[in-house]
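First comes the structure, then the notes that go with it.
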Amino acid sequence: MRFHSPPSPRDPSIHSSKGPSMRLSQYFLPILRENPKEAEIVSHRLMLRAGMVRQSSAGIYSWLPLGHKVLMNIQRIVEEEQDRAGAIQMLMPTIQSADLWRASGRYDDYGKEMLRITDRHGRDMLYGPTNEEQITEIFRNSVKSYKDLPRNLYHIQWKFRDEIRPRFGVMRGREFLMKDAYSFDLTAKDGRHSYQKMFAAYLRTYERMGLKAIPMAAETGPIGGDMSHEFIILADTGESEVFCHRDLIEMQAPPADLDFNADLTPLVSRWTDKYAATIEMHEPERFEREVPEDKRIAARGIEVGHIFFFGDKYSDPMGCRVQGPDGAQLTVQSGSYGIGVSRLAGAIIEASHDEDGIIWPESVAPFKVGLINLKAGDAGTDGACEDLYGKLQKAGIEVLYDDTSERAGAKFSTMDLIGLPWQLVIGPRGVKNGEAEIKNRRTGEKQSLSFEESLNLLTAPAQG
RNA sequence: CGGGGCAUGGCGCAGUCUGGUAGCGCACCUGCUUUGGGAGCAGGGGGUCGCAAGUUCGAAUCUUGCUGCCCCGACCA
């Protein structure tokens, strides 16, 4: 860490819609030049080296400023797409009462993965690994009529599962941030529509993060049927083997103006007609029969979401019923829909990096632009940088301005490591000609442009 | 939970076998020279050697117990 320049007064106008821009000399960005030995996979290494997270204990992490910004950007996309699909946001607690879980019968079933706690009165509590019981109780106590169905409620909250072996950094932590949604319908048929809404929302969510997530058939448990899918992104470091049809990789997510109230069966069928399965569900004969040889993909994948329809699994034992139009008591039909928000931060890096560091998609990048002053203290570069920094902020662009007195090479490699989509490089040579060098982190392409042209390029609509 | 490994300054490591009171690179501080892809020289600061007990004149080093962390496997968002 360096804190070179004297602090300058903070201008409230620097706050853009996504968050404040920053001078590196005043930021908290503890980067590591060498790889911590405990980190084996690339996303874990890069998150530690880029100063995004620090491990607190096995599978439990603090999110440092840079990582926190990414996490919040991912969360925001998840929220926007859940809202678009008609789900309603709320927030449930992390600590739950054991009695709630005894009611569904899961208190004894869940095993050692559940972190059990006793409060000062000797009451059994637990740190929630998920919230089916809690939401079912809330819903049961508040909803009595079929007229209040369907509903889909979601929250984004920290969960805890005491994994036997946490690993891969935030991809397989014990404490993790998860979006979980719960649908409530009168019939299984209606439940299918709720399920399909989430299916479509998930496709959009991952696409917005620059990911190609493929829905794959997952185990459905006692309910059976075709109502459970895992969303998997392909990555060499994925934890499980997956098999799918190559065409799925080319398919487009549904558009922003998708009508979620329309019949979504054709949409979902387009995605599920083609073979895609994790190793657990893999049927080699069917794979070979249905998928031409040149279209077969056998790869590794990271699960970034899981949707599941479970009918009355919780509503029946917990007595979650509504009165139907004919006066009969009907047991509510439910599904749950998870997205691993903190895991996605790691998964995106697994899918998008090179030997120099992270390559953020613009939608989740902690800052859009890294402004590099190659000669801090030089009147020419300082002046040009201050001007560009101010103008970018006014345009609502998030900038990380490297105003430190590090050497050029160190600044370049730091920017490459933290993976901001654009680097705007200001050096004495360029300033003489009124030019900046602008580098695209993903393509590596560099071009010299006038300050004006640079600003135009960076303030143009996002290009992903 | 089975198997393997590690624990010495913020990070990476040497020193442990053969006990003698801690060292290297990076990072950090000061000065000078440098300055477009991880600079050079000089001078500095920082470590209960994971914890506890034991052996010994003396323990990072030997013994015993404990703890934490990592990797492989079975399980999971």
Side-chain angles (χ1 to χ4, degrees), chain A residues 1-4 30-41 44-45 48-49 51 54-60 74 78 110-114 128-131 156-181 202 213 218-219 228-233 238-240 278 280 301-308 336-347 356-357 372-378 381 404-417 423 425-432 435-437 439 444 446 448:
Chain A
M1 288 289 309
R2 288 168 175 266
F3 297 94
H4 289 279
I31 66 150
L32 302 175
R33 217 183 244 200
E34 292 173 84
N35 286 321
K37 68 171 176 182
E38 76 265 19
E40 290 278 311
I41 66 162
H44 192 191
R45 281 206 303 267
L48 290 166
R49 287 196 50 207
R54 285 292 181 267
Q55 180 166 314
S56 167
S57 56
I60 302 178
I74 293 169
V78 171
Y110 217 93
K112 289 188 170 177
E113 267 198 8
M114 179 186 281
T130 177
N131 292 71
I156 295 175
Q157 177 63 288
W158 292 92
K159 310 282 193 290
F160 194 92
R161 293 183 193 170
D162 201 357
E163 297 281 345
I164 297 167
R165 181 153 97 81
R167 65 186 112 170
F168 305 146
V170 301
M171 298 239 292
R172 182 78 182 282
R174 292 194 292 172
E175 187 180 62
F176 56 97
L177 188 61
M178 179 177 169
K179 185 282 301 186
D180 39 329
Y202 276 39
E219 290 178 86
S228 180
H229 288 89
E230 293 179 3
F231 287 74
I232 304 269
I233 64 169
E239 25 182 359
S240 58
T278 60
E280 293 83 16
I302 301 168
E303 182 182 351
V304 290
H306 193 163
I307 59 177
F308 200 85
S336 69
Y337 314 90
I339 291 181
V341 175
S342 49
R343 164 178 284 196
L344 273 166
D356 294 323
I372 299 179
N373 185 342
L374 282 182
K375 195 171 182 182
D378 175 274
T381 59
T404 67
S405 53
E406 274 295 334
R407 301 171 64 80
K411 293 190 176 196
F412 289 132
S413 45
T414 296
M415 280 299 176
D416 285 346
L417 173 64
Q423 294 172 14
V425 182
I426 308 299
R429 291 211 298 259
V431 167
K432 258 183 230 157
E435 280 185 344
E437 184 180 274
K439 173 179 161 183
K446 299 174 190 170
S448 285

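Order of the sequence lines fixes the chain letters, A, B, ..., with proteins taken first and strands second; residue numbering starts at 1 for each chain. For the numbers below, each heavy atom of this structure counts, side chains included, while hydrogens, waters and symmetry mates do not.
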* To do: Report the distance from atom CD1 of Ile426(A) to atom P of G37(B), rounded to the nearest whole Å.
  => 16 Å
* Given the P atoms of C24(B) and U64(B), what is the spacing between them in whole Å? -> 33 Å
* d(CZ, Phe168(A); P, C71(B)) in whole Å -> 7 Å
* Asked: Should Met415(A) and Val425(A) be marked as a side chain to side chain contact (heavy atoms under 4.5 Å, CB included) after you check the CA-CA gap, both sets of side-chain angles, and the distance that decides it?
  -> CA-CA 11 Å; Met415(A) 280 299 176; Val425(A) 182; over 6 Å; no
* Would you name the heavy atoms of Val78(A) and Lys179(A) that are closest together and state the gap between them? => CG1-CG, 3.5 Å
* Nearest listed nucleotide, side chain of Arg165(A), among C70(B), C72(B), C76(B) -> C72(B)
* Using atom types as modelled and distance alone, determine if a side-chain donor or acceptor of Arg49(A) lies under 3.5 Å from a backbone N or O of Asn35(A). => no
* U16(B) and G50(B), which share atom name C1', separated by this distance in whole Å -> 16 Å
* To do: Could you check whether Gly430(A) gets within reach of a base, just the sugar-phosphate, or nothing at all, counting any heavy atom under 4.0 Å?
  => base
* Starting at OH of Tyr110(A), measure out to OG1 of Thr130(A) and round the result to the nearest 0.5 Å. => 6.0 Å
* Starting at CE of Met415(A) and ending at P of G38(B), how long is that distance when rounded to a whole Å? -> 17 Å
* Judged by atom type as modelled, is there a donor-acceptor pair below 3.5 Å linking the side chain of Arg161(A) to the main-chain atoms of Glu113(A)? -> no
* Using a cut-off of 4.0 Å on non-hydrogen atoms, how would the nucleic acid contact of Lys37(A) be classed: base, sugar-phosphate, or nothing? -> sugar-phosphate
* Let me know the distance between CD1 of Ile164(A) and P of C75(B), rounded to the nearest Å. => 9 Å
* What is the minimum heavy-atom distance between Arg167(A) and Arg165(A), and which atoms define it? -> NH1-NH2, 2.9 Å
* **Nearest-nucleotide pick for Arg33(A), side chain only, options being C75(B), G38(B), C28(B)** => G38(B)
* Asked: Within this structure, what is the OH-to-P distance between Tyr110(A) and C75(B), rounded to whole angstrom?
  -> 15 Å
* To do: Look at Gln423(A) and G37(B) and indicate whether a side-chain polar atom (N or O) is within less than 4.0 Å of OP1 or OP2.
  => no
* Asked: For Glu163(A), which contact category applies under a 4.0 Å heavy-atom criterion: base, sugar-phosphate, or nothing?
  -> base
* **Presence of donor-acceptor pair under 3.5 Å, side chain of Arg49(A) and base of G38(B)** => yes
* d(CG, Asp378(A); P, G36(B)) in whole Å -> 13 Å
* Using atom P of each nucleotide, how far apart are A7(B) and C17(B) to the nearest Å? -> 14 Å
* Between C11(B) and C70(B) - P atom distance, rounded Å -> 14 Å
* Out of C70(B), A77(B), A39(B), which has the shortest distance to the side chain of Arg407(A)? -> A39(B)
* Rounded distance in Å between the C1' positions of G36(B) and U48(B) -> 47 Å
* Asked: If every non-hydrogen atom of His306(A) is compared with every non-hydrogen atom of Ser228(A), which pair is closest and at what distance?
  -> NE2-OG, 3.0 Å
* Asked: When we call it a touch if two heavy atoms are under 4.0 Å apart, what does Gly377(A) touch: a base, just sugar-phosphate, or nothing?
  -> nothing
* Structure fact -> Applying the 3.5 Å cut-off to both distances, the Watson-Crick or G-U partner of C57(B) turns out to be G20(B)
* To do: Tell me what Lys112(A) touches on the nucleic acid: a base, only sugar-phosphate, or nothing, going by heavy atoms under 4.0 Å.
  => sugar-phosphate
* Asked: C51(B) and C69(B): how far apart are their P atoms, nearest whole angstrom?
  -> 16 Å
* **Who pairs with U30(B) - Watson-Crick or G-U, where each distance is under 3.5 Å** => A42(B)
* **Nearest-nucleotide 5' precedence on RNA chain B, Phe176(A) against Asp356(A)** => Asp356(A)
* Candidates C71(B), C70(B), G25(B) - which lies nearest the side chain of Glu34(A) -> G25(B)
* Structure fact -> Rounded to whole Å, the CG-C1' distance (Leu374(A) to G38(B)) equals 14 Å
* Asked: Between Asp180(A) and Gln157(A), is any side-chain donor less than 3.5 angstrom from a side-chain acceptor?
  -> no
* Figure out the CD/P separation between Glu113(A) and A74(B), and round it to whole Å. => 15 Å
* Quantified in whole Å, what is the C1' atom distance between nucleotide C72(B) and nucleotide G45(B)? -> 42 Å
* Asked: Picking from C69(B), G12(B), G37(B), which would you name as closest to the side chain of Pro36(A)?
  -> G12(B)
* Scan Gly338(A) against the nucleic acid and name what it touches under 4.0 Å (heavy atoms): base, sugar-phosphate only, or nothing. => nothing
* Structure fact -> Looking only at C11(B), G73(B), G37(B), the nucleotide nearest the Arg167(A) side chain is G73(B)
* Using only heavy-atom distances, decide whether a donor-acceptor pair under 3.5 angstrom links the side-chain of Arg172(A) to the base of C76(B). => yes
* Just checking Ser57(A): base, sugar-phosphate only, or nothing, at a heavy-atom cut-off of under 4.0 Å? -> sugar-phosphate
* So, do Phe412(A) and G38(B) meet the stacking rule of ring centres under 5.5 Å and planes under 30°? -> no
* Asked: Which heavy-atom pair separates Thr404(A) from Lys411(A) by the least distance, and what is that distance?
  -> O-NZ, 2.5 Å
* On a whole-Å scale, what distance lies between the C1' atoms belonging to A60(B) and C76(B)? -> 40 Å
* Closest nucleotide among C71(B), C11(B), G36(B) to the Glu40(A) side chain -> C71(B)
* What is the nucleic acid contact for Glu230(A), judged by heavy atoms within less than 4.0 Å: base, sugar-phosphate only, or nothing? -> nothing
* Asked: Counting side-chain heavy atoms from C-beta on, which of G37(B), G38(B), C76(B) comes nearest to Arg161(A)?
  -> C76(B)
* Any donor-acceptor N/O pair under 3.5 Å between G12(B) base and Asn35(A) side chain -> no
* From the options G38(B), A7(B), C76(B), select the nucleotide whose nearest atom is closest to the side chain of Ala410(A). => G38(B)
